[in-house]
Amino acid sequence: MDPEARANRTAVTEFILLGLVENEELQSVVFVLFLFAYLVTVGGNLSILAAILVEPKLHTPMYFFLGNLSVLDVGCVTVTVPAMLSRLLSHKRTISYGACLSQLFLFHLLAGMDCFLLTAMAYDRFLAICRPLTYSTRMRQMVQWILMAVSWACSFTNAMTHTIALTNLNFCGPNEVNHFYCDLPQLFQLSCSNTQLNELLLFAACFIMAGIPVVLIIASYIHVAAVVLQIRSVEGKKKAFSTCGSHLTVVFLFYGTGVFNYMCLGSAEASDKDKGVGVFNTVINPLLNPVIYSLRNPDVQGALWWVLVGRQSLT
């Protein structure tokens, strides 16, 4: 490539992340709230992971996937929140072009994994409830690892595709991102190139990464509901719905905010709403997931009690 053409390719070498609020007093409040949320999120998810590792009763496929979900939640909140806290503390709102792309790549890598992992968890519940006689064979350890490996490969491909496609856009200024982390819809607004192809790519990726998993999850739970409704035992129904209800709540929160954020492509007029959705995606969801999965699960509660208090878990 001609050196001059390369130099003109992206005139912007850094972006300015405007953050959530402009007022300095409110920034102090935001710093405290997000620091607290970050510590609670990391602590809660690592506690869930530790409980799963130390409690033999939780060494099952369902909790294998739940442990991986906790790891993803820690990764997702770590990709965005510490950098935002650092900027609030230093009053430096700039982020380099390369760091912005790295943050975007990691965020989409982890968010994509969430999509596939939630689908794998729905498949696990389908097999456990609808195919109990063949469950141990169909969901053996090798199958679990294959599902995870395929999920990572697909998510990596998706994140890398978006990142490479973004490097083909020109950014000539302005360079102010009305958000607290780098994401595709907001960067599209700043590009002086035609972003139509990138937007079509994002729409197609949303269909593959979110649309297909949602259809599979819905199909799984239609079969699950049909079987559960035939159970005569009230206690059996309650246990099945309790397990599935936690997963469905997480699915609803994750996909509900994700569809709003990416299918609307964040118009300039909706930037404040986009930031609210971003807070939900990166902070609230990872914060709520440990609570949702432990609130009505005595096995997880017993293991958490053992981890946090040091007493013997319930047997």
Side-chain angles (χ1 to χ4, degrees), residues 12-45 72-112 114 159 162-163 166 169 171 173-191 195 198 202 253-254 256-289:
V12 171
T13 59
E14 63 181 17
F15 294 101
I16 299 173
L17 294 172
L18 298 181
L20 291 172
V21 292
E22 294 288 335
N23 185 286
E24 290 191 8
E25 293 182 359
L26 289 178
Q27 286 180 0
S28 300
V29 175
V30 169
F31 178 86
V32 173
L33 289 176
F34 273 71
L35 177 60
F36 176 76
Y38 177 72
L39 294 176
V40 172
T41 300
V42 173
N45 280 286
L72 290 177
D73 285 340
V74 171
C76 188
V77 75
T78 301
V79 165
T80 55
V81 174
M84 184 194 74
L85 295 176
S86 176
R87 286 190 294 272
L88 286 172
L89 201 61
S90 65
H91 301 287
K92 182 182 178 182
R93 299 187 295 177
T94 58
I95 181 172
S96 68
Y97 178 80
C100 187
L101 289 183
S102 298
Q103 186 181 57
L104 184 146
F105 170 79
L106 290 173
F107 178 74
H108 280 267
L109 174 66
L110 297 172
D114 264 331
H162 286 306
T163 305
L166 192 69
L169 297 180
F171 294 93
N175 65 339
E176 292 185 343
V177 180
N178 191 16
H179 216 298
F180 64 96
Y181 64 93
C182 292
D183 204 0
L184 292 171
Q186 289 73 34
L187 292 177
F188 289 165
Q189 296 172 22
L190 301 181
S191 176
T195 62
N198 296 75
L202 179 57
L253 292 173
F254 178 77
T257 53
V259 167
F260 180 88
N261 197 31
Y262 295 109
M263 301 305 271
C264 296
L265 288 181
S267 63
E269 295 78 10
S271 292
D272 290 336
K273 293 181 180 179
D274 290 343
K275 286 190 282 188
V277 174
V279 171
F280 219 96
N281 281 334
T282 61
V283 181
I284 305 300
N285 280 347
L287 177 65
L288 290 178
N289 286 350

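Only heavy atoms go into these numbers, but all of them, side chains included; no hydrogens, no water, no symmetry mates.
Pairing each heavy atom of Thr78 with each of Pro82, the nearest pair is O-CD, 3.1 Å. The shortest non-hydrogen separation linking Ala111 to Phe254 is O-CZ, 3.5 Å. Contact record, Asn178 with Gly19: OD1-O, 4.5 Å, taken as the closest heavy-atom pair. Nearest heavy atoms, Ala37 versus Thr41: O-OG1, 2.6 Å. In plain terms, the two heavy atoms of Phe34 and Leu20 that are nearest each other are CZ-CD1, 3.3 Å. The two residues Leu110 and Cys76 come nearest to each other via the heavy atoms CD1-N, 3.4 Å.
Taking 4.5 Å as the limit, every side-chain heavy atom of Leu85 sits out of range of all side-chain heavy atoms of Leu89. Between Asp73 and Asn289 the shortest side-chain heavy-atom distance falls below 4.5 Å. Arg87 is not listed as a side-chain neighbour of Lys92, based on a closest heavy-atom distance of 4.5 Å or more. In this structure, Gln27 and His91 have side chains that are in contact, with non-hydrogen atoms separated by less than 4.5 Å. With a 4.5 Å cut-off on side-chain heavy atoms, Phe107 and Thr282 count as touching.
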Verify side-chain contact (heavy atoms from CB on, under 4.5 Å) between Leu202 and Phe188, making sure each step is shown before the conclusion. CA-CA 11 Å; Leu202 179 57; Phe188 289 165; 4.1 Å; yes

Where do Tyr97 and Glu14 land on the side-chain contact (heavy atoms from CB on, under 4.5 Å) test, with the steps shown first? CA-CA 5 Å; Tyr97 178 80; Glu14 63 181 17; over 6 Å; no

Check the pair Thr94 / Phe15 against side-chain contact (heavy atoms from CB on, under 4.5 Å), numbers first and verdict last. CA-CA 6 Å; Thr94 58; Phe15 294 101; over 6 Å; no

Is there a side-chain contact (heavy atoms from CB on, under 4.5 Å) between Leu104 and Leu187 once you walk through the steps? CA-CA 10 Å; Leu104 184 146; Leu187 292 177; 3.8 Å; yes

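The CZ atom of Phe180 lies 10.5 Å from the CG atom of Leu88; values are rounded to the nearest 0.5 Å. Atom CZ of Phe171 is separated from atom SG of Cys100 by 7.5 Å, given to the nearest 0.5 angstrom. From Phe105, atom CZ reaches atom NE2 of His162 across 11.5 Å, with rounding to the nearest 0.5 Å. Between the CD atom in Glu176 and the CD atom in Gln189 there is a gap of 12.5 Å [rounded to 0.5 Å].
In this structure, the side chain of Ser96 engages the main chain of Ala99 through a donor-acceptor pair within 3.5 Å.
Tested against Asn45, the residues Val74, Val40, Leu72 include a single side chain to side chain contact (heavy atoms under 4.5 Å, CB included) partner, Val74. Shown are Leu101, Leu17, Val177, Thr80; of these, the side chain to side chain contact (heavy atoms under 4.5 Å, CB included) with Cys182 is made only by Leu17.
For the residue pair His108 and Asp183, a side-chain donor N or O sits within less than 3.5 Å of a side-chain acceptor on the partner.
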